[in-house]
Asks: 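A single structure is presented below for examination.
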Number of protein chains: 2
Amino acid sequence: MKNSVVEFTIGELAGEADCKVQTIRFYEQIGILPNAQRTDGGHRVYGREDLRRLHFVRRCRGLGFSLDQIRVLLTLVDGGAYTCGEVLALTLEHLAEIQAKLADLKRMEQALEDMAAQCKGGTIPACPVIDVLLDA
Amino acid sequence: MKNSVVEFTIGELAGEADCKVQTIRFYEQIGILPNAQRTDGGHRVYGREDLRRLHFVRRCRGLGFSLDQIRVLLTLVDGGAYTCGEVLALTLEHLAEIQAKLADLKRMEQALEDMAAQCKGGTIPACPVIDVLLDA
DNA sequence: CTACGACCTCCAGTGGCTGGAGGTGCAAGA
DNA sequence: TCTTGCACCTCCAGCCACTGGAGGTCGTAG
C-alpha cells in the first residue's frame, strides 16, 4: 500500500513542525537531522519518521535545550539503549541552567523596577536612573 | 597638577571595570566608546571620564540592556539634554522585555520539573521524558 | 641592554538561526 | 505541449556581544 509511506516536501515538513525551511536545511547540515532522501531533481523528501524527529528537536528547543544537548539526547534515543537515569540527569542539568537564568533575570527585573520607581518621568532634564548608572 | 589627570592603560581600565581588554577595543570599534588617546608607541591611554563611561556601559549590560539600547542612552547622556521621561520610557521598555523572558523561562522550568517528576531515574531502558518529547 | 609581559592589528569563531542572490524543479492551467 | 509561477536548490553573508589566537611591537624593571 503506497499510502502507508507518507511523504512531505521540505515546505510541508516545515509547516507541520512550525519552523522555517532554512532551519531544516541547517539541522541537516549540522547533523541534527540525517541527510534527506532526494527526488531525481534534487528536492528533499521526508517521511513520518523525519517529522517525528524534527518534532522532538523543536520541542527540546522550545524547552531551551541547546543543539548540543539535543544531540546527546538524540544519540541516546538513536542507540535505543538509553536509561531513564541518563535522561533525568540531562534534564536536571538543563533545569539548573534555566533556574540560574531565572535568578539573573529576577535580579535585573528588581533593579529596573527600583530605578523606574525613582524616576518620575516628565520633562525634567535629569534622571535618577542615569545618576545611578553613571555613579553607582 | 599632573596627578589630577589619572591615566590608565587598557589593561588597568579593564581591571577597574571588570571586563576584558578585547571588550574595550570592541566597544571602541563599534563606537560605544570614543577613539582612545594613544601614546607615541600606539598604546591606548584612558582617563577618569573614560572609566565612568565604561562603568555605565557595563552596568547597563549587567542589567541586560542591548548595545543598541545603550547607544541610545549614551546619546541622551552625551547630549546632556535628556529628560526623565525619555529614560523612563527606555527603562520600562526593557523591563517589559525582561518580564517576557522571565515568563518564558518559568514555563520551561515548570515543564522540565513536571517531566523530571515523572522520571524515576535508575537503569530502566525507557523514559517518560523521551516519550513525551517524541510523541507529545 | 635585555627580557618579558602587556600592548597592537587583523581575522575567525561562537549559537541558532535568518535572509538574499542567482539558478532549477515541478505541477497545474491554457 | 507549453508556459507560468511558486517552491525548491546551493552558497554565502549577517545577526549579537563578545572571545581567542597569530604574529608582531612597546614599555619598563632589573
Asks: I'd like to check the side-chain hydrogen bond (donor to acceptor under 3.5 Å, both in side chains) partners of A:Asp135; sequence neighbours left out, ordered by chain and number.
Replies: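 With sequence neighbours excluded, A:Asp135 shows a side-chain hydrogen bond (donor to acceptor under 3.5 Å, both in side chains) to B:Arg52, given in chain and number order.
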
Asks: Could you tell me which residues satisfy side-chain hydrogen bond (donor to acceptor under 3.5 Å, both in side chains) with B:Glu28, sequence neighbours excluded, listed by chain and number?
Replies: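 Scan of B:Glu28 (side-chain hydrogen bond (donor to acceptor under 3.5 Å, both in side chains), adjacent residues dropped) gives B:Arg44.
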
Asks: Could you state the CG-P distance from A:Leu13 to D:dC9, rounded to the nearest angstrom?
Replies: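 Result: 11 Å.
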
Asks: State, with a plain yes or no, whether a side-chain heavy atom of B:Cys84 is found less than 4.5 Å away from one of A:Pro125.
Replies: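 B:Cys84 vs A:Pro125: side chains apart.
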
Asks: Which salt bridge (charged side-chain N to carboxylate O under 4.0 Å, His left out) pairs, counting each pair once, include a residue from residues 9-27 of chain B, with sequence neighbours left out?
Replies: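 Residue pairs passing salt bridge (charged side-chain N to carboxylate O under 4.0 Å, His left out), neighbours aside: none found.
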
Asks: Using whole Å, report how far CD of B:Gln22 lies from P of C:dT14.
Replies: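 Atom-to-atom, B:Gln22 to C:dT14, this comes out as 17 Å.
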
Asks: D:dC9 C1' sits how many Å from A:Gln37 CD, rounded?
Replies: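 Between C1' of D:dC9 and CD of A:Gln37: 17 Å.
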
Asks: Can you list every pair that meets salt bridge (charged side-chain N to carboxylate O under 4.0 Å, His left out) and has a residue in residues 113-132 of chain A, with sequence neighbours left out?
Replies: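 Matches after skipping sequence neighbours: none remain.
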
Asks: Enumerate all atom pairs, one protein N or O and one N or O from nucleotides 13-17 of chain D, separated by less than 3.5 Å.
Replies:
unit_1	atom_1	unit_2	atom_2	d
D:dA17	OP1	B:Leu67	N	3.4
D:dA17	OP2	B:Leu67	N	3.4
D:dA17	O3'	B:Arg61	NH2	3.4

Asks: To the nearest angstrom, how far is B:Asp18 atom CG from D:dC18 atom C1'?
Replies: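 Computing the B:Asp18:CG to D:dC18:C1' distance gives 15 Å.
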
Asks: Between D:dG27 and B:Thr39, is there an OP1 or OP2 to side-chain N/O distance shorter than 4.0 Å?
Replies: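 B:Thr39 to D:dG27 OP1/OP2: side-chain N or O found under 4.0 Å.
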
Asks: Do any pairs count as a salt bridge (charged side-chain N to carboxylate O under 4.0 Å, His left out) and have a residue in residues 96-105 of chain A, sequence neighbours left out, and if so which ones?
Replies: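 Listed by first then second residue: A:Asp104-A:Arg107.
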
Asks: Starting at atom CG of A:Asn35, determine the distance to atom P of D:dC9, rounded to an integer number of angstrom.
Replies: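 Taking atom P of D:dC9 as the reference, CG of A:Asn35 is at 13 Å.
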
Asks: Suppose we screen for side-chain contact (heavy atoms from CB on, under 4.5 Å). Which residues come up paired with A:Arg59, at least two apart in sequence or across chains?
Replies: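 In terms of side-chain contact (heavy atoms from CB on, under 4.5 Å), with neighbours along the sequence ignored, A:Arg59 is linked to A:His55, B:Leu133, B:Ala136.
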
Asks: Would one find a side-chain N or O of B:Lys20 under 4.0 angstrom from OP1 or OP2 of D:dG20?
Replies: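 Looking at the OP1 and OP2 atoms of D:dG20, one of them is under 4.0 Å from a side-chain N or O of B:Lys20.
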
Asks: Taking side-chain hydrogen bond (donor to acceptor under 3.5 Å, both in side chains) as the definition, give me every residue that meets it alongside B:Arg58, ordered by chain and number, with sequence neighbours left out.
Replies: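 Expected list: B:Tyr27.
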
Asks: Residues in side-chain contact (heavy atoms from CB on, under 4.5 Å) with B:Leu88, at least two apart?
Replies: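 By the side-chain contact (heavy atoms from CB on, under 4.5 Å) rule, B:Leu88 matches A:Ala116, A:Cys119, B:Leu92.
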
Asks: Using a cut-off of 4.0 Å between protein heavy atoms and nucleotide atoms, how would you tag nucleotides 5-12 of chain C 5' to 3' with B, S and -?
Replies: --SSB---

Asks: Specify the separation, in whole Å, of atom CD of A:Glu28 and atom C1' of C:dC17.
Replies: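 In whole Å, C:dC17 C1' lies 16 Å from A:Glu28 CD.
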
Asks: Whole angstroms only, please: what is the CD1-C1' distance between A:Ile24 and C:dC17?
Replies: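 The answer, rounded to whole Å, is 13 Å.
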
Asks: Give me the bend of the helix from C:dC1-D:dG30 to C:dA30-D:dT1, using the axes of the five pairs at each end, rounded to 10°.
Replies: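 One end axis against the other gives 20°.
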
Asks: Considering only residues two or more places apart or on different chains, which pairs with a residue in residues 64-87 of chain B satisfy salt bridge (charged side-chain N to carboxylate O under 4.0 Å, His left out)?
Replies: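 Qualifying pairs: B:Arg53-B:Asp78, B:Asp68-B:Arg71.
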
Asks: Does the side chain of A:Arg61 come within less than 4.5 Å of A:Ile70's, by heavy atoms?
Replies: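 SC-SC contact between A:Ile70 and A:Arg61 confirmed.
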
